[in-house]
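Encoded as structure tokens, the structure appears first; notes follow it.
All values below were derived from every heavy atom in this structure, side-chain atoms included, with hydrogens, water molecules and symmetry-related copies excluded.
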Amino acid sequence: MADGYQIPKVLVVDDELNIRELVQIALKFHGCLVTLGATGAEALALAASEKPNLIVLDVMLPDIDGFEVCRRLRAAGDEVPVIFLTARDTTSDTVTGLTIGGDDYITKPFSVDALVARVRAVLRRTARQELPSPGAAGAGPIVRVGDVELDEAHWTVRRAGTLVDLSPTEFRLLAYLMRNQGLMLTRRQLLENVWGWEYAGQSQVLETYVSYLRRKLDRLGPPMIHTQRGVGYSLRPA
């Protein structure tokens with residue numbers, strides 16, 4: 001085991017006992033420390049006390065639904081990755097989950113292997129994105145494209161001198177686009193490098209986040225993110 005390795009902590013919240021236990025066994029087998037909860041209130045309390053690296057969160061909870069739990073976490077400044085687990089399989093629910101800060105969305109009934117793969121992918125991605133503290137040796141560079149400045153060491157983005165408030169996923173997507181400015185990046189490339197997935201079957205997630213970025217950046221200047229229909233996206237100076 002490498003020096004400095006930390007066993008990932010996963011909080012699993014679902015009101016169905018058999019699902020909690022099934023997911024717990026699978027994640028423990030793959031080397032995770034697992035804490036269980038059955039309600040939205042427990043999810044909030046355990047997120048605060050246990051500081052998990054990831055939450056697998058059922059949407060249909062008996063008290064506070066999973067979407068509201070995620071909203072409250074984000075409002076409190078907690079950016080812990082969240083994978084929603086739910087029986088509701090509609091486009092509007094998927095978009096809602098992503099809009100409020102979720103990282104992935106899995107519908108019931110689900111394959112345990114698929115869930116474990118998603119958990120591992122999110123944990124790998126968040127481990128890669130951990131940045132050194134401001135001023136530390138090896139701090140990331142400042143990337144500039146046109147009037148957009150992205151500071152990887154301080155996790156900030158400015159356009160025309162104005163601070164742009166981005167979620168962690170939006171930040172990662174913009175950073176990848178900026179580091180590859182002018183190139184037409186395929187959906188598969190973006191999903192694999194930003195989300196860490198080994199397949200390109202979730203293009204709706206990508207399209208949703210591209211629309212978020214456009215909305216935030218285009219308020220401050222001309223459009224910079226361009227679409228090649230059927231291919232992908234590129235970022236070019238305005």
Side-chain angles (χ1 to χ4, degrees), residues 4 6 8 47-48 51-55 69-83 95-104 121-185 187 189-197 205-227 232-238:
Q6 292 187 340
K51 303 296 182 185
N53 301 104
L54 182 146
I55 302 176
V69 170
C70 187
R71 287 190 188 96
R72 294 187 188 184
L73 288 172
R74 298 299 182 249
D78 190 339
E79 297 296 341
V80 58
V82 173
I83 297 178
V95 172
T96 296
L98 297 173
T99 301
I100 62 176
D103 290 74
D104 208 341
V122 172
L123 289 172
R124 283 198 305 272
R125 186 192 73 215
T126 52
R128 287 200 307 268
Q129 80 180 50
E130 288 183 358
L131 300 173
S133 58
I142 292 177
V143 183
R144 294 184 179 87
V145 177
D147 61 354
V148 177
E149 178 182 283
L150 181 142
D151 185 340
E152 293 186 320
H154 298 84
W155 204 259
T156 58
V157 173
R158 297 180 184 275
R159 183 166 196 191
T162 300
L163 190 66
V164 182
D165 183 24
L166 299 182
S167 71
T169 302
E170 292 165 350
F171 185 95
R172 289 191 301 270
L173 176 57
L174 179 60
Y176 190 73
L177 287 166
M178 290 179 68
R179 285 194 294 266
N180 294 277
Q181 63 166 306
L183 299 178
M184 181 55 61
L185 302 169
R187 289 179 172 84
Q189 283 177 295
L190 289 163
L191 286 167
E192 289 179 353
N193 286 280
V194 177
W195 279 263
W197 300 344
V205 173
L206 173 60
E207 291 160 3
T208 300
Y209 275 98
V210 168
S211 71
Y212 297 162
L213 269 182
R214 281 178 167 151
R215 185 162 60 242
K216 292 181 178 182
L217 293 175
D218 293 358
R219 290 181 306 171
L220 302 170
M224 297 180 68
I225 301 175
H226 304 273
T227 304
Y233 302 93
S234 66
L235 183 141
R236 301 191 296 273

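The nearest pair of heavy atoms linking Ala47 to Pro52 is O-CD, 3.6 Å. Asp218 approaches Pro222 most closely through the heavy-atom pair OD1-O, 4.2 Å.
Considering only heavy atoms from C-beta on, Thr169 stays 4.5 Å or farther from Tyr212 through its side chain. Within the 4.5 Å cutoff, the side chain of Met184 has no heavy atoms near those of the His226 side chain. Between Phe171 and Leu150 the shortest side-chain heavy-atom distance falls below 4.5 Å. Proximity of Val80 to Arg74: side-chain heavy atoms (C-beta onward) are separated by under 4.5 Å at one or more points. At least one side-chain heavy atom of Leu173 sits under 4.5 Å from a side-chain heavy atom of Leu177. No side-chain heavy atom of Leu220 sits less than 4.5 Å from a side-chain heavy atom of Val148. Contact of the Met224 side chain with the Leu213 side chain is not registered, since no non-hydrogen atoms from C-beta on lie closer than 4.5 Å. Counting heavy atoms from C-beta outward, Met178 and Leu174 have side chains that approach closer than 4.5 Å.
Considering OH of Tyr176 and CG of Leu183, their distance stands at 8.5 Å, rounded to 0.5 Å. Taken to the nearest 0.5 Å, the CG atom of Leu185 stands 5.0 Å off from the CG atom of Leu190. Ile225 contributes atom CD1, which lies 11.0 Å from atom CZ of Arg236 (distance to the nearest 0.5 angstrom). Interatomic distance, CG of Leu217 versus CG of Leu166, reported as 6.5 Å (0.5 Å rounding). Taking CG of Asp165 as the start and CD of Glu170 as the end, the distance is 8.0 Å to the nearest 0.5 Å.
Under the rule for a side-chain contact (heavy atoms from CB on, under 4.5 Å), the partners of Pro237 that lie at least two apart in sequence or sit in another chain are Val145, Gln181. Arg158 is linked by a salt bridge (Lys or Arg N to Asp or Glu O under 4.0 Å) to nothing, counting only residues two or more places apart in sequence or in another chain. Partners of Arg72 by side-chain contact (heavy atoms from CB on, under 4.5 Å), not counting sequence neighbours, listed by chain and number: Leu44, Ile64, Glu68. Legend: residues meeting side-chain hydrogen bond (donor to acceptor under 3.5 Å, both in side chains) with Thr162, ordered by chain and number and at least two apart, are absent. Partners of Arg214 according to the salt bridge (Lys or Arg N to Asp or Glu O under 4.0 Å) rule, which considers only residues two or more places apart in sequence or in another chain, do not exist here. With sequence neighbours left out, Gln189 forms a side-chain hydrogen bond (donor to acceptor under 3.5 Å, both in side chains) with Thr186.
Not one N or O on the side chain of Arg159 forms a donor-acceptor pair closer than 3.5 Å with the backbone of Leu163.
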